[in-house]
Amino acid sequence: MLLNAFILFLCEAPFCCQFIEFANAVSARADKLRAWQKAAFYCGMAVFPVMLSLTLTTLFGNAIAFATGVLYGLSALGKKGDAISYARIHQQQKQMDEEKLTGCLEGQAL
């Protein structure tokens with residue numbers, strides 16, 4: 001768990017590790033990752049110790065890393081669309097369904 005906390009500090013808050021020579025390099029590499037890659041990394045990093053030892057301490061200790069992964073995952077999903085585009089998509093789907101239905105009915109009539 002200490003290693004996980006150290007990695008989280010290196011990636012997210014390199015100013016806390018300013019006296020470690022490779023901290024800026026690790027932080028720069030972590031910044032190049034996409035949001036979904038960070039989410040998978042942080043959630044995996046948090047789940048691994050819990051699988052090794054399922055105790056209340058490990059659950060609480062790794063909750064912050066898991067929460068960070070969840071937030072990166074949510075940011076990878078993007079913004080929610082507006083109501084107008086949802087209504088337009090729904091209208092197009094409804095129109096396609098009606099065309100399929102009338103095509104089937106015309107095919108049965110022949």
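Hydrophobic clustering (ILVMFWY, side-chain heavy atoms < 4.5 Å, transitive): I20 and V26 are in one cluster. Tracing side-chain contacts under 4.5 Å through hydrophobic residues (I, L, V, M, F, W, Y), one never reaches I7 starting from F22; they form parts of separate clusters. Hydrophobic clustering (side-chain heavy atoms under 4.5 Å, transitive across Ile, Leu, Val, Met, Phe, Trp, Tyr) keeps L3 apart from L52.
Atom CG of L74 has more than 12 heavy atoms from other residues, nucleotides or ligands within 6.0 Å. Dense packing is recorded around CG of L77, with more than 12 heavy atoms of other residues, nucleotides or ligands lying under 6.0 Å away.
Other members of the cluster containing V50 are L54, L59, with ILVMFWY side chains joined at under 4.5 Å, either directly or via other members. Members clustered with F60: L56, by chain and number, using a 4.5 Å side-chain heavy-atom cutoff among hydrophobic residues.
Between R88 and Q92 the shortest side-chain heavy-atom distance falls below 4.5 Å. Between F6 and L10 there is a side-chain heavy-atom pair separated by less than 4.5 Å.
Contacts of T55 classified as side chain to side chain donor-acceptor pair (under 3.5 Å), with partners at least two apart in sequence or in another chain: T58.
With hydrogens and angles ignored, the 3.5 Å screen pairs a side-chain donor or acceptor of S75 with a backbone N or O of Y72.
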Just distance, no hydrogens or angles: give the donor-acceptor pairs under 3.5 Å from side chains in residues 33-49, sequence neighbours left out.
unit_1: Q37; atom_1: OE1; unit_2: R34; atom_2: N; d: 2.9
unit_1: K38; atom_1: NZ; unit_2: A30; atom_2: O; d: 3.4
unit_1: Y42; atom_1: OH; unit_2: E12; atom_2: OE2; d: 2.7

